[in-house]
Number of protein chains: 2
Amino acid sequence: MSPLEPELKDDVEEIIETIIYLYTESRRLTKELARRAQLTGPQLTVVKILESIDDLSLSELSERIRAQNSTVTGIIDRMEREGLVVRERSTEDRRVVKIRLTPKGADIAAAIPVEPMEMFRAALASLTKDEVRDLLRILGKLSKKVKTIIKRDAAHPRGGAAEE
Amino acid sequence: MSPLEPELKDDVEEIIETIIYLYTESRRLTKELARRAQLTGPQLTVVKILESIDDLSLSELSERIRAQNSTVTGIIDRMEREGLVVRERSTEDRRVVKIRLTPKGADIAAAIPVEPMEMFRAALASLTKDEVRDLLRILGKLSKKVKTIIKRDAAHPRGGAAEE
DNA sequence: GGGCGATATTTCGCATGCTAAAGAATCCCC
DNA sequence: GGGGATTCTTTAGCATGCGAAATATCGCCC
């Protein structure tokens, strides 16, 4: 189950480093792209999501951008202040707030041609088909394992995250 | 150069999703681990770095945790307030501030047995040697390509990040 | 039909995290 | 050896980002 040997330790470090690098770099680029349209990174993400899905509740939006509701409340506050989106109370369930792009918000979204993460996509295009397939398979296995560890850790939340 | 075909588009999405998942999850776990010692995530990281390297300048520390100096200034402010570290002006170069663990900080560091990212390491241990090697190779190729794209983009910073 | 637990959103307080600009100290070059 | 460019750190202002508690509403169950 654990064929990992000492000599591979550095490899492990490097894999972690690389994943962190790829993540932070893609985020930085999203931010830079957003800046050209006078938006912040998360605001660009929200605008692009609403462009294709108009009419999303705050909770649904939070889930999509992997943030807490309270975080998204703040983001939407500022976007509403800037006239990019509007809040609309749902008529079916008055607890729910629907977020919708304003014409101004839609214009800005349309004016930004590339998706966030486009850079990532371009980089992945330099890999061969087989490499993409391998990468996907291995990362999938990795994240499945992580999910298992987390589940076990949630059940016995007292040690570190990795004791055998 | 770009053998990526339409049918692989979903694979690309999934790879990106997985990398984001792995990154955010490892961060969340670091934070949870830190909480048990009354620390925040970055504070745990700093304490663990200083445990092995005592005597690091603020800039060096920033570089290690991939954050801006101004961010680290704030983190160190709060850690100093809590009595975890002290600032010492360097005698050789009086512009430099050395950060050092206090006995209290050292105790806390010693009391936390696992490294941040340990969960990651445990998950990687479920891969075979060959998989680790492949993953490392492919991620390396990927990040090299990203670096190239960034460099090109920095030279011509006007379009999106990925135009061909 | 009234109360009670569950769900959706907001508020509050705090800790990152960034950029730009200010403040110190050093370097370097004439 | 003096001054300007450079480097190290901090300050200021803002935008996430989180958890916990407060609010509002809904659903259900008796």
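Any value given below was found using the heavy atoms of this structure, including those in side chains, with hydrogens, waters and symmetry copies removed. Fair warning: this is a prediction, and the values are worked out from it, not measured in the lab. Letters A, B, ... mirror the listed sequences (proteins, then strands); counts begin at 1.
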For [X] and [N], what is the distance between atoms [atom1] and [atom2] respectively, to the nearest whole Å?
X       : N      : atom1 : atom2 : result
B:Arg78 : D:dT11 : CZ    : C1'   : 14 Å
B:Glu63 : D:dT7  : CD    : C1'   : 14 Å
B:Asp77 : D:dT10 : CG    : P     : 7 Å
B:Lys31 : C:dC14 : NZ    : P     : 15 Å
A:Glu25 : C:dC18 : CD    : P     : 12 Å
A:Asn69 : C:dT10 : CG    : P     : 8 Å
A:Met79 : D:dC14 : CE    : P     : 19 Å
B:Glu82 : C:dC14 : CD    : C1'   : 12 Å

For B:Ile75 and for A:Ser57, find the nucleotide of DNA chain C with the closest heavy atom, then tell me which residue's nucleotide is more 5'.
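Result of the comparison: A:Ser57.
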Please determine whether residues A:Ile16 and B:Ile16 belong to a single hydrophobic cluster, defined as Ile, Leu, Val, Met, Phe, Trp and Tyr linked transitively by side-chain heavy-atom distances below 4.5 Å.
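Cluster IDs for A:Ile16 and B:Ile16 match.
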Compare side-chain N and O positions of B:Arg66 against OP1 and OP2 of C:dT16 and report whether any pair is under 4.0 Å apart.
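No.
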Can you check whether A:Thr71 has a side-chain N or O nearer than 4.0 Å to OP1 or OP2 of D:dC18?
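True: A:Thr71 side-chain N/O within range (under 4.0 Å) of D:dC18 OP1/OP2.
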With hydrogens left out and only the distance checked, is there a donor-acceptor pair under 3.5 Å joining B:Ser70's side chain and the base of C:dT19?
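When only heavy-atom distances are counted, B:Ser70 does reach the base of C:dT19 through a donor-acceptor pair under 3.5 Å.
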Is a donor-acceptor pair below 3.5 Å formed from side chain A:Arg95 to base C:dT9, judging by atom type as modelled?
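Under the 3.5 Å cut-off, the side chain and the base do not form any donor-acceptor pair.
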Can you identify which nucleotide, out of [options], has its nearest atom closest to the [X] side chain?
X       : options                : answer
A:Arg81 : D:dA15, C:dT26, D:dA20 : D:dA15
A:Pro42 : D:dT10, D:dT16, C:dT16 : D:dT16
B:Arg94 : C:dA25, D:dT9, C:dC18  : C:dA25
B:Asp93 : D:dT16, C:dT26, D:dT25 : C:dT26
B:Thr40 : C:dT11, C:dT16, C:dT9  : C:dT16

Tell me what [X] touches on the nucleic acid: a base, only sugar-phosphate, or nothing, going by heavy atoms under 4.0 Å.
X       : answer
A:Gln68 : sugar-phosphate
B:Arg28 : nothing
B:Arg35 : nothing

Quick check: do A:Glu88 and A:Val97 have side-chain heavy atoms less than 4.5 Å from each other?
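Of all side-chain heavy-atom pairs linking A:Val97 with A:Glu88, none is under 4.5 Å.
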Does the side chain of B:Leu124 come within less than 4.5 Å of B:Leu127's, by heavy atoms?
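B:Leu127 vs B:Leu124: side chains touch.
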Pairwise distance CD1(A:Ile76) to CG(A:Leu84) - rounded to 0.5 angstrom
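Between A:Ile76 CD1 and A:Leu84 CG, I get 9.5 Å after rounding to 0.5 Å.
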In Å, rounded to the nearest 0.5 Å, how long is the span from NZ of A:Lys144 to NZ of A:Lys147?
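It comes to 10.0 Å.
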When the nearest nucleotide of DNA chain D is assigned to A:Ile65 and to A:Arg89 on a heavy-atom basis, which residue is associated with the more 5' position?
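Of the two residues, A:Ile65 wins.
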Yes or no on side-chain contact (heavy atoms from CB on, under 4.5 Å) for A:Glu131 and A:Thr128, after CA distance, side-chain angles and deciding distance?
CA-CA 5 Å; A:Glu131 285 172 334; A:Thr128 67; 3.2 Å; yes
